[in-house]
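Side chains are part of it too, since the values below use all heavy atoms of this structure and drop only hydrogens, waters and symmetry mates.
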Protein chains: 2
Amino acid sequence: MESTSRDTTQKLMDAFARFRRLHRDSPIPGLKHSEMRILFRIRKNMAVHGCGARISEISHMMHVTSPTVTQLVNGLAKSGYVERTIDPKDRRSIRVTLTKQGEDVLKSAADAFFSEFNGLVTHLGEEKSNTLIELLTESFDYLREATPIFIAGEQE
Amino acid sequence: MESTSRDTTQKLMDAFARFRRLHRDSPIPGLKHSEMRILFRIRKNMAVHGCGARISEISHMMHVTSPTVTQLVNGLAKSGYVERTIDPKDRRSIRVTLTKQGEDVLKSAADAFFSEFNGLVTHLGEEKSNTLIELLTESFDYLREATPIFIAGEQE
DNA sequence: AACTAATTATTAGCTTACCTAATTATTATG
DNA sequence: CATAATAATTAGGTAAGCTAATAATTAGTT
């Protein structure tokens with residue numbers, strides 16, 4: 001291995017290591033981070049496709065397994081933020097839609113949840129942000145293929 | 001917030017969320033990622049201070065509570081990677097030292113870890129890798145200033 | 001049409017990496 | 001010496017995942 005390359009590797013490891021610990025505490029009481037993220041996804045899906053998101057779709061979008069999504073959605077349904085309806089075109093599927101309450105909580109929480117990251121996007125600028133997203137995605141994809149152990153459970 | 005920008009923010013949030021679970025599985029079977037981190041800390045403390053690290057010191061270095069450290073250290077002691085001795089100068093304290101086995105496992109874990117990242121650098125190429133490092137560093141620096149909570153992680 | 005295969009979601013139970021509150025030793029201090 | 005402070009531990013909890021197995025439904029094949 002060349003010394004330049006090894007140096008780069010070391011630096012990349014260090015850079016990755018710094019980001020391992022993201023905040024765990026939700027800025028909104030009674031709404032967890034993971035729940036917030038899923039609510040955003042559902043809203044997006046409704047905006048784009050005009051219908052509720054299926055569990056498998058959310059799972060894919062969030063890079064999380066479907067049992068995980070099922071549990072999150074169940075929790076949100078119990079809290080009244082989300083509604084589950086069977087898709088009449090494919091009765092295996094479930095369409096998850098936001099309730100009025102869910103939209104409200106999403107609206108009020110959006111700023112609190114987004115502010116840190118949105119500040120970062122503003123700071124970096126749109127172009128650099130997109131480059132960063134692309135490079136991270138490429139890294140994940142590589143690590144998933146090259147070293148399956150590395151990322152538990154990532155599936156397409 | 002504009003919708004393009006919000007979309008970028010969403011994607012960046014997701015990229016970081018994936019990132020957080022990157023090292024769920026350690027490259028060495030039988031050694032968890034958190035355990036590896038703690039072993040590194042202990043080794044460092046031994047190198048710098050020439051004696052075992054106290055629970056409270058590790059806790060402080062890792063920005064983790066002492067009960068958490070106690071549990072991790074207990075696990076490592078059971079695996080034989082670490083030894084706990086009561087400090088004769090202050091019998092409340094415990095000095096944690098690496099065993100020979102602990103040093104060995106740490107070495108091989110570091111190698112495995114390094115080779116994963118080195119593969120990534122090869123895959124991305126030197127230029128992209130450097131761009132990624134720069135962007136991560138810039139992001140980290142911004143977040144450190146903007147949101148102090150973010151940085152619960154790596155300090156010496 | 002009937003079987004088999006595939007897909008979708010769920011259930012049950014586990015794991016990692018933390019946390020808080022309360023408690024037990026021990027040391028320091030008025 | 002009594003009390004306060006400090007160090008570590010115990011007990012129990014949480015968030016955010018995971019896998020394996022299973023039920024329901026749809027698709028594909030003979």
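Dashed line: the shortest gap from a side-chain N or O of A:Ser34 to OP1 or OP2 of D:dA16 is under 4.0 Å. When the side-chain nitrogen and oxygen atoms of B:Arg37 are compared with OP1 and OP2 of C:dC18, one or more of them lie within a distance under 4.0 Å. Here A:Asn74 reaches the OP1 or OP2 of C:dT11: one of its side-chain N or O atoms lies under 4.0 Å away. Side-chain N/O atoms of A:Arg92 include none lying less than 4.0 angstrom from OP1 or OP2 on C:dA9. Contact annotation: A:Thr68 reaches the phosphate of D:dC18 (side-chain N/O to OP1 or OP2, under 4.0 Å). Between B:Ser56 and the phosphate of D:dA8, there is a side-chain N or O to OP1/OP2 separation shorter than 4.0 Å.
Straight-line distance from the CG atom of A:Leu72 to the P atom of D:dA15: 11 Å, rounded to whole Å. Rounded to a whole Å, the CD atom of B:Glu35 is 8 Å from the P atom of C:dA17. Rounding to whole angstrom units, CZ of residue A:Arg54 and P of D:dT25 are separated by 16 Å. Between A:Lys32 atom NZ and D:dA15 atom P there is a gap of 5 Å when expressed in whole angstrom units. Per the geometry, CD1 belonging to B:Ile86 stands 10 Å off C1' belonging to C:dA25, to the nearest Å. Between the CZ atom of A:Arg84 and the P atom of C:dT11 there is a distance of 8 Å, given to the nearest Å. As a whole-Å value, the separation of B:Asp90 CG from D:dA8 C1' is 11 Å. To the nearest angstrom, P of C:dT11 lies 9 Å from CD of A:Gln71.
When every heavy atom of B:Cys51 is checked against every heavy atom of B:Arg95, the shortest pair comes out as SG-NH1, 3.7 Å. Listed here is the closest heavy atom pair of B:Ser79 and B:Gln101: O-OE1, 3.6 Å.
Listed nucleotides C:dT26, C:dA9, C:dA21 differ in distance to A:Thr70; the shortest reach to its side chain belongs to C:dA9. Listed nucleotides C:dC18, D:dT10, D:dA8 differ in distance to B:Val64; the shortest reach to its side chain belongs to C:dC18. Counting only heavy atoms from C-beta on, B:Ile55 has its side chain closest to D:dT9 among D:dT9, C:dT10, C:dT8. Nearest to the side chain of A:Ile94, among D:dT26, C:dT10, D:dG17, sits C:dT10.
Across all strands shown, B:Ser93 has heavy atoms under 4.0 Å from sugar-phosphate atoms exclusively, and none from any base.
Nearest-nucleotide assignment on DNA chain D puts the 5′-proximal partner with A:Met62, out of A:Met62 and A:Asp87.
Between B:Lys100 and B:Asp104, at least one side-chain nitrogen of the basic residue sits less than 4.0 Å from a carboxylate oxygen of the acidic one, meeting the salt-bridge criterion. Note on B:Asp90 versus B:Arg92: salt bridge recorded, some NZ/NE/NH1/NH2 to OD/OE distance being below 4.0 Å. Of the charged side-chain nitrogens involved, at least one lies within less than 4.0 Å of a carboxylate oxygen, so that B:Lys128 and A:Glu138 count as a salt-bridged pair.
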